[in-house]
Amino acid sequence: MANKHSDYIEESTYLEKTYDCVDKETDYIKKEVDILEEKFFQIRKASGGGYSNDYELTQHFWKINAKKLNELKAAKIKPYFGRIDFKRLGDDETQTYYIGKTSVVEKENDKRLVIDWRAPIASLYYSGELGEAMYTAPEGLIMGDLTAKRQYEIENRKLINIFDKGLTPMDEFLQKALWQKKDNRLKDIVTTIQSEQNDIIRADRKNTVIVQGAAGSGKTTIVLHRIAYLMYTYKNILKPENILIIVPNNLFLNYIRDVLPGLGVDEIKQSTFEDLALKLLEKDYSLTNAEDKLINLLDLQSLSNEEKSKIRFTSTFKGSYLFKEIIDKFLEDVINNIVPKTDFEINDYTIYTYRDVWKMYHEDYSYLPVVPRIERIKKHFKETLEKRINEVKDEIHEKYDKLADKIKGKNSDDEKIRENLIKLYNERDESFDSIDKKSLSSLENYFKTWTKINIEELYKDLITNDSLLNRYSSGKIHRVNIAFITKYSKQIFKNKYLEREDLSPLIYIKNKLKGSDSLGKKFSHIVVDEAQDLSPMQMLILKEISSNNSFTIVGDLSQGIHSYRGINDWNEIIEDIFQNRKTQYLTIKKCYRSTREIMNFANGVIKSLNRKNLPLAQPVLRSGDKPFVINKNRIEDIIKDIKEKIETFRKKEYKSIAIICKTSKECDEVYKKLKNHKCKDIQLITGKDIDYNGGVVIIPSYLAKGLEFDIVMIYDCSKENYIKDELHIKLLYVAITRALHQLYIYCKNNPSELIDEVNDNLYIKL
Ligand SMILES: Nc1ncnc2c1ncn2[C@@H]1O[C@H](COP(=O)(O)OP(=O)(O)OP(=O)(O)O)[C@@H](O)[C@H]1O
């Protein structure tokens, strides 16, 4: 216990002093907030609700104070959790640093009692070993000697425990955190960030950081902490509205929504790729249901294997780098054929020759994307038209002057000459008039002869046209596959839909033809979670809306249940999309979510994939029950067992229990059956836009991806329901790795081959 520690009295005094400071600071800021709120009221009254500079300024200070007050609220519970003693090379004295979620400063003497966990030196707390140590600060690498590393357990303003690195196992602290029961929200981990996680959180902002992380290794948690770190470290450069997080669905968005505000970061833009894509396209396309394709691929009856493989191929193709190259070639031809091979004429007088226009289009303005280029040329024409017409008129003048000279030189009487000259000059003036009158309409008509650019039509032309795809793919795709792609796409478009795989090529075309400005503002940092489900083409689009290639991309290929439209190898992204420029590839293997037994079992299942380049997750620390595989002859008996287990776990106060099914249809069936058995308070999640409320939930595994539950029961993992193919292996792996403490797998009659192949020492058969 802490009171047996030799530094207990000293540490307790420091804690009291810190609490004192937090209390005082809180009182001070509360008063400031009151004053500012009163000021608000007065300004509003005086300005009658109108805009005022003073109001903006007051609001700015109010926001800063309200944020600090929030941070102090957390500090009031626990002002710090760790400490390091560090002697900088060349210094005589060792300095002590207490580390907390937010800094605490003594106003009177400006003394920092607690430093923020994101401060450069705090990195030593997470990654430094006792002895020689170093960390990176804005001024460069700082070397020195790390003489102590300490953790504190504080409850109700009292010091409960002190752990010293080297004397007590530091894992104890982490163990306690991991044994906690989880509710419906992800939590921050500032007190227990591990060294390999710290490296990702603090990785160079300018790099494209790509992380392959095992299930439960903390990827989601880490990226959120990385954002908090970046916002703190680069507060003068990064604005929250310029940071973007891409998440798989809205359920997931709700699941992570407390973490960033808890770390003092607000107003970060978070979106699914589809929502973002529709905004970039500025059109409200109707999309086919995102999960329908997966459900079709999982259905073991409706489609033949050949059909499934073609559907998979079409999805892969639409998101591939190869398709990007095909689009490039196709657009090159479109762009080269926009300008008609004719002169711009008015009344047979050439205002601009085809050669002039060609030069403008292919040389003078070729630096512009084609749509703004055409606009620029139109503008140029309008600006110079009058001058050009005057030049043409001068030529006409000359022509008529010559004609007049001829008339004058003729041997006719004066009256005749006069008549002819009047006729000639009238003709000339009429011609001038006509040119003037027709100038604008001729210009318009001339541009009407240019090929029209309609992004949607261009895309649909390409993806539904066998000969175009054949021509531009240069034999890289088999004709049979092309025929399927075009037929399949026609069918979707006929029903006035697009599928999500169509969105990125459309944006790509828009970007190519209209330029990246047409995609709106650029982001200074983009985070992609569950990145294995995004295609190379989607990554390319994200790259287009990034101002600097500053990315944090995390995912797990073992969980790539959408691998038919996602990424199968991180090298595809590193080489094709980011072209090896400033990319940093990292792997994290340790799983913090599930017990060792659950993770060993999950590894047994994923081994069936036979992928040598996929590192297995390393289970750490916690040990619990082996997973239970429960075999019943009747579905009714499975339901009864699930019901009994729910009742038992509820009594044990587990906060989150999931029954994970293969599809939403299966979820509906289980839900009805449990209801018939009077099993109450169960939430059914099958669609999108839903928030998990905690407690018992029935959910398909593709929606459970990213989430976690104290107890997981997998419904019907029988031979007929889970076959040995890539999709089923990954789906089962995802379901298993959602469990923190206990896992039950139900099978009707016989377990799936995927379970049979796991070493039977790794689970208990019931
Ligand atoms: N250093 C840590 N200390 C305490 N808990 C941690 C730590 N790292 C991760 N965790 C916990 O492990 C669980 C898994 O984290 P998270 O969901 O971020 O992992 P993930 O890699 O995104 O998982 P998946 O890919 O399987 O969805 C969470 O409960 C998280 O709080």
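Atoms within each ligand, like the ligands themselves, are counted from 1 in listed order. Just so we're clear, the structure is a prediction, and the values are computed from it rather than from any experiment. Because only heavy atoms are used, hydrogens play no part in the values below, and waters and symmetry mates are left out as well, while side chains stay in. Position 1 is the first residue of the sequence, and the numbers go up from there.
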Determine, using heavy atoms of [X] and all atoms of ligand 1, whether some pair is separated by less than 4.0 Å.
X: C591; value: no
X: K705; value: no
X: L174; value: yes

Filtering V223, L224, V211, T221 for the heavy atom nearest atom 30 (C) of ligand 1 leaves T221

Contacting atoms of ligand 1, where contact means under 4.0 angstrom from a heavy atom of [X]:
X: Q194; value: 1 (N)
X: G706; value: 27 (O)
X: Q197; value: 1 (N), 2 (C), 7 (C), 8 (N), 9 (C)
X: S217; value: 19 (O), 21 (O)

Going by the 4.0 angstrom heavy-atom rule, the piece of L178 near ligand 1 is side chain

protein heavy-atom neighbour closest to atom 17 (O) of ligand 1 works out as R593 NH2, 3.0 Å

Nearest non-hydrogen protein atom to atom 29 (O) of ligand 1, with distance, is E708 OE2, 2.4 Å

In terms of ring plane angle, is the pair Y564 and H562 parallel, tilted or perpendicular, where the classes change at 30° and 60°?
perpendicular

Below 30° counts as parallel, above 60° as perpendicular, anything between as tilted: where do the rings of Y126 and F81 land?
tilted

Modelled atom types, side-chain donor and acceptor of S127 and N198, under 3.5 Å
yes

Is the closest side-chain donor-acceptor distance between N721 and E666 under 3.5 Å? yes

Row check, F163 ring normal vs R150 NZ/CZ: under 6.0 Å, within 45°
no

Contacts satisfying ring pair (Phe, Tyr, Trp, His ring centres under 6.0 Å) that involve residues 210-229 (not counting sequence neighbours) are W117-H225

Taking both backbone and side-chain atoms of [X], is any N or O found less than 3.5 Å from an N or O belonging to ligand 1?
X: T737; answer: no
X: Q559; answer: yes
X: D556; answer: no
X: A215; answer: no

Solution key, residues 217-224 side-chain donor-acceptor pairs under 3.5 Å, sequence neighbours excluded:
residue	atom	partner	partner atom	Å
S217	OG	A214	N	3.3
S217	OG	A214	O	2.6
K219	NZ	G213	O	2.9
K219	NZ	A214	O	2.8
T220	OG1	D529	OD2	2.7

Scanning both residues in full, the closest heavy-atom pair of A74 with K101 reads CB-CD, 4.5 Å

Heavy atoms of D116 and A122 approach each other most closely as O-CB, 3.8 Å

